[in-house]
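Worksheet for the structure shown next.
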Amino acid sequence: MDQFIEQIVTGLSIGSILLLVALGLSIIYGAMGIINLAHGEFVMLGAYAAWLFQTKFGLSLLESLVPIFLVVALFGWVIERYVLSLLNNRPLDTILATWGVGIMLQQAVRLAVGSELRYVQLPPALSDSMEVLGVPVSSYRVFLFFVALALFALTWLLMNRTTIGMKLRAIIQDRSVAASFGINARRVYALTFAYGAGLAGLAGALVSPLKSVSPEMGTGYVVDAFMVVVLGGVQSLAGTVASAFILGELSGAIAFLQNDTVAKAIVLLAIVVLIRFRPQGLFTARVRA
Amino acid sequence: MKSAAALGAFGGAGFPHIWIKNADLARAANGEIKVGVLFSLTGTTAIIEESLNKATLLAIEEINAAGGIKGAKIVPIVEDPASDPATFSEKARKLVVGDKCVSVFGSYTSASRKAVLPVFERQNNLYWYPTLYEGRECSKNVIYTGAVPNQQQDEFVPWLIKKFGKKFYLIGSNYIYPKEENNYCKKLLEKYGGEVVAEEYVPLGHSEFSSVINKIRSTQPNVIFSTVVGDSVVALHRQYRAAGLDPEKMPMASLTTSENEVAAMGGEAAAGHFTSAPYFMVYKSPENEKFVEAYKKRWGADKVTHFVSEACYFQTYLFKQAVEKLATSDLTPPTIRDAVKGQETIAPQGKVRLEPENLHTWLWPKIAQAKSNGQFEILVEAKEWLKPVPYAAYPGQVCTDKGLVEKS
């Protein structure tokens, strides 16, 4: 029984990190149809921003979360405005463009701060472990779980309870009709992309105390994040949450019974099989095609 | 004159095409000796290989500043193979065939060494490999100056059993190096009455260790024996610490965690864990003080030296000594190889010697504990240097001119 609880908690912890990373990708992909291959680099930028705020300005990780979000969102806004908006209605070209942007961001970071691995200090208050249902878990991982849920709730509110969210949903349903009602699609897209990028940046900052910070760190996250988004269903926020935790629990359980190598293979296989029979993913939003 | 030399070589060697090519090359023309320096400056392993590039260049600059080798300057030709085995092989070809280097210093991973090996064997050139590795290789075209399993583990494993207990949890990255090291570790555990509670491999670049930590908690080993490499080392240590595990009761014992990895994870995350290696930056010797000081002066006061960069440094001096023994006109990779056999030099770790039988190096094993300031404290020093036995896990095998064969 103990081990069962331990396993559930581990899975939740893996799932919350997946959710953090996938949330931004899900919005950009779902709302704009852009396959953002630079997403991992936004994650990386967030981690570097955390490192920079900590070492240069002496801010703790928690204090610097808002500035990190703003900085990376600004990057996202600039890239949408000056690269992606030039490629309207050419989704295949945006794949290539975001891939190129990703490489440029990696190299820029390497030139600016070098390719050494960096690290971010755990917030002192969260550096110990605590008991959850009798299982010792890193307090920081518990914190990540709640942050992931809070960010999801915030995003849901933005999409469903604000004017800008409503405009975005209108554009998703039919861009030309929305435009004829006076909705400035370009502005809404830029803001959406910036918000998605900012979320990725936050994800990077939040995982940085558990992992290492390097120019290449984002590459691995893109694959994981795409798996979450594809499994969950492209335009469904709820699907993103559900699939992040399903994948977390699944890979945690297989890793416990076997090992992480087997877990990676089986999870990938399971997604391939599922997509074969349910190409739209687990959840689907109603869209007027 | 040139053709006479070629003709002589033609008569003397069984492989005339190789010898004509070598005699044809102006190996030490205009008082210059060209060598290749082949470390990734970009890509995933750049993080560590950059420091190897720096240590190699430092040694070359020092040798040149002291007058070169018998008046000839070493000219390093630096190439960036970008952490990609295919590019390694391409660049190695360029250095050997195009630039006509007499030797190449390079690479960190076994994958990249295996990728360049055919180039050096076909061209009969010489590759100087500084990294600790899994052994089980004997090529007459490679000089190995890093530690092999017996040099890191023979002392380490019994010491760990005595100090902490006999239950070992083996964790490694999923490729050849950790598996071979663990094979050797299991042999030692059997010999000294230890036991394996689990043996597990994570994908290269893995950074989510919560399941592993969960399993460690439920199996309660005395020692976590780690051959995890790269970024994963950082993630493993940081998550171990965040999960509230205690290195005093359950330390990680590693063959791969050097000052370089510790700098990347922060001293706090590394403190209390153990590493076995022939060299640590804090080692007290006049040669090491000189090395550390010169390294910091050349590359920055915040830089660290570690047991792979030290091997880069002393292997360049071994190269110098070998070339010094030769006449300029005889300078070819095979003559350098024959000259380096049995060479000794005082390295920062102590006096090292190149074993003629298998071209690996006699080294000084040390056991050290990481401290929160990012440095190690050396707890055990070998009383004498240790002979390299690259195939110690496989007692039936011997190294011959044709490579590794089973003893009949």
Interatomic distance, [X] atom [atom1] to [Y] atom [atom2] [nearest 0.5 angstrom]:
| X | Y | atom1 | atom2 | answer |
| --- | --- | --- | --- | --- |
| B:Ile213 | A:Arg141 | CD1 | CZ | 7.0 Å |
| A:Ser212 | B:Leu236 | OG | CG | 11.5 Å |
| A:Asp224 | B:Ser207 | CG | OG | 8.0 Å |

Residue among B:Met265, B:Glu208, B:Arg238 satisfying side chain to side chain contact (heavy atoms under 4.5 Å, CB included) with A:Lys211: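 Of the listed residues B:Met265, B:Glu208, B:Arg238, the side chain to side chain contact (heavy atoms under 4.5 Å, CB included) partner of A:Lys211 is B:Glu208.
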With B:Asn214, the side chain to side chain contact (heavy atoms under 4.5 Å, CB included) member among A:Thr10, A:Val9, A:Val135, A:Val137: A:Thr10
Test item: B:Glu200 and A:Asp260 side chains (from C-beta on) under 4.5 Å apart, heavy atoms: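 Yes. Closest side-chain heavy atoms under 4.5 Å.
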Among [options], who wins on heavy-atom pairs under 4.5 Å with chain A?
| options | value |
| --- | --- |
| B:Ala235, B:Ala242, B:Gly205 | B:Ala242 |
| B:Glu50, B:Arg217, B:Glu261, B:Glu268 | B:Arg217 |
| B:Ala46, B:Ser51, B:Ser211 | B:Ser211 |

Part of B:Ala263 within contact of chain A (heavy atom distance under 4.5 Å): backbone
In terms of heavy-atom contacts, does [atom1] of [X] have more than 12 from other residues, nucleotides or ligands at under 6.0 Å?
| X | atom1 | answer |
| --- | --- | --- |
| B:Glu248 | CD | no |
| B:Trp299 | CH2 | yes |
| A:Phe75 | CZ | no |

Does any backbone or side-chain atom of [X] lie under 4.5 Å from a heavy atom of chain B? Answer side chain, backbone, both or neither.
| X | value |
| --- | --- |
| A:Arg118 | backbone |
| A:Asp128 | backbone |
| A:Val213 | neither |

Closest approach of B:Lys215 to A:Asn259 (non-hydrogen atoms, all atoms of both residues): NZ-CA, 4.1 Å
Distance-minimising heavy-atom pair for B:Ala243 and A:Ser129: O-CB, 3.5 Å
Exam field: side chain A:Thr261 to backbone B:Tyr201, donor-acceptor pair closer than 3.5 Å: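 Yes; at least one donor-acceptor contact below 3.5 Å.
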